[in-house]
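What follows is one structure encoded as structure tokens, with my remarks underneath.
All of these numbers come straight from a predicted model, not from anything done at the bench. A note on names: the letters A, B, ... follow the listed sequences, proteins ahead of strands, and every chain is numbered from 1.
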There are 2 protein chains.
Amino acid sequence: MDADGIHGQLDTLILATLKRGEAHGYAIITALKELSGDRLDLPSGTVYPALRRLERAGSISGTWTVGEGRRRRVYALTEDGLKALEKGLGDWRSLREVMGAVLGT
Amino acid sequence: MDADGIHGQLDTLILATLKRGEAHGYAIITALKELSGDRLDLPSGTVYPALRRLERAGSISGTWTVGEGRRRRVYALTEDGLKALEKGLGDWRSLREVMGAVLGT
DNA sequence: AGACTACATGTAGTTCATCTACATATCAAG
DNA sequence: CTTGATATGTAGATGAACTACATGTAGTCT
């Protein structure tokens with residue numbers, strides 16, 4: 001599944017991943033792939049811009065580190081990010097309820 | 001909730017509504033509002049283009065009628081539309097599973 | 001009779017989250 | 001030395017959504 005299939009939920013998924021612990025971009029992509037049982041396969045061209053958006057919005061904060069000689073930008077949830085995650089979970093719950101009501105599932 | 005909140009699911013919702021019985025555009029908008037417990041409130045500028053797309057794709061067929069002196073375009077599911085609905089339901093199921101796996105809900 | 005709302009159909013231009021295609025850099029494996 | 005994995009991205013294109021507005025007809029209220 002690509003991000004188009006989860007349109008609008010990517011931010012929530014990223015925030016939920018960071019709730020588990022701080023991570024750098026590439027690790028977030030890998031975590032989402034693994035947590036979803038290899039169903040999500042998001043390109044970096046989708047995820048890195050989303051990380052930038054979330055950082056600009058104040059939901060996450062990033063710091064540069066070096067791991068095995070490679071630059072890494074490690075991200076962590078902020079207080080605002082926790083709130084954004086709660087809102088995202090609420091939005092997802094609403095979507096599920098609306099879809100359930102109309103589709104009868 | 002607007003269609004942005006259900007991005008990508010609008011077609012499936014329309015097809016599911018037409019599975020209940022043929023309907024004209026305005027009635028589809030009303031049905032979605034009622035079935036969702038007033039949570040969906042879709043503008044005609046979103047729904048009418050979606051109906052055109054589905055008709056062009058062969059998923060629904062439309063005919064002009066006159067009801068109470070007003071023109072109505074009444075839509076019905078086609079065989080292709082039933083298949084598209086099944087696929088949409090499968091996509092929705094996948095999304096739910098992926099979100100559940102990552103969010104733990 | 002006129003204003004307003006509901007019932008009907010739309011279209012145009014804008015927005016922006018996604019895509020694909022690439023780019024650069026460094027380490028590990030063969 | 002080459003290739004793949006691990007890292008970071010950006011640019012331009014796409015298309016499903018939005019808002020704003022248009023036209024037309026019937027019903028309701030003053």
Item to check | Steps toward side-chain contact (heavy atoms from CB on, under 4.5 Å) verdict (A:Tyr48, A:Ile28) | outcome: CA-CA 10 Å; A:Tyr48 287 97; A:Ile28 291 167; over 6 Å; no
Item to check | side-chain contact (heavy atoms from CB on, under 4.5 Å) between A:Leu32 and A:Val47, worked out | outcome: CA-CA 11 Å; A:Leu32 286 172; A:Val47 178; 5.6 Å; no
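Proximity note for B:Trp64 (side chain, C-beta onward) versus D:dT8, D:dA7, C:dG10: the nearest is C:dG10. Side chain of A:Tyr48, nearest nucleotide from D:dT8, C:dT18, C:dG10: D:dT8.
In this structure, CG of B:Leu54 is placed 10 Å from P of D:dA17, rounded to the nearest angstrom. Atom P of nucleotide C:dG10 and atom CG of B:Leu42 are separated by 16 Å, given to the nearest angstrom. Residue A:Tyr26 contributes atom OH, which lies 10 Å from atom C1' of D:dG4 at whole-angstrom precision. Per the geometry, CD belonging to A:Glu55 stands 12 Å off P belonging to D:dT8, to the nearest Å. Regarding B:Arg56, its CZ atom lies at a distance of 12 Å from the C1' atom of D:dG15, rounded to whole Å. One atom, CG of A:Leu51, and another, P of C:dA17, lie 14 Å apart when rounded to the nearest Å. Distance B:Ile28 CD1 to C:dG10 P: 11 Å, rounded to the nearest Å. Regarding A:Glu68, its CD atom lies at a distance of 15 Å from the C1' atom of C:dA29, rounded to whole Å.
With hydrogens and angles disregarded, no donor-acceptor distance shorter than 3.5 Å links the side chain of A:Asp91 to the backbone of A:Ser94. Here the side chain of B:Asp11 pairs no donor or acceptor atom with the backbone of B:Ile14 at under 3.5 angstrom. Judged purely by atom type and a 3.5 angstrom limit, A:Thr78 uses its side chain to pair as donor or acceptor with the backbone of A:Ser59.
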Below 3.5 Å between N/O atoms, which protein atoms pair up with nucleotides 19-23 of chain D? Just atom names and distances, please.
none

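Note on B:Leu51 and B:Val74: separate hydrophobic clusters, where clusters join Ile, Leu, Val, Met, Phe, Trp and Tyr whose side-chain heavy atoms are under 4.5 Å apart, directly or indirectly.
Looking at A:Gln9 and A:Leu95, their side chains come closer than 4.5 Å, going by heavy atoms from C-beta outward.
Using bins of under 30°, 30° to 60° and over 60° for the plane-to-plane angle, the ring pair B:Trp92/A:Trp92 lands in the tilted bin.
Phosphate proximity of D:dA17 to B:Arg53: present, with a side-chain N or O under 4.0 Å from OP1 or OP2.
Residue-to-nucleotide proximity on DNA chain C shows that, of B:Arg72 and A:Pro49, the 5′-proximal contact is made by B:Arg72.
In this structure, NZ in B:Lys83 is found 11.5 Å from CD in B:Glu86, a value given to the nearest 0.5 Å.
Against DNA chain D, the stretch residues 6-21 of chain B makes heavy-atom approaches under 4.0 Å through B:His7, B:Gly8, B:Leu10.
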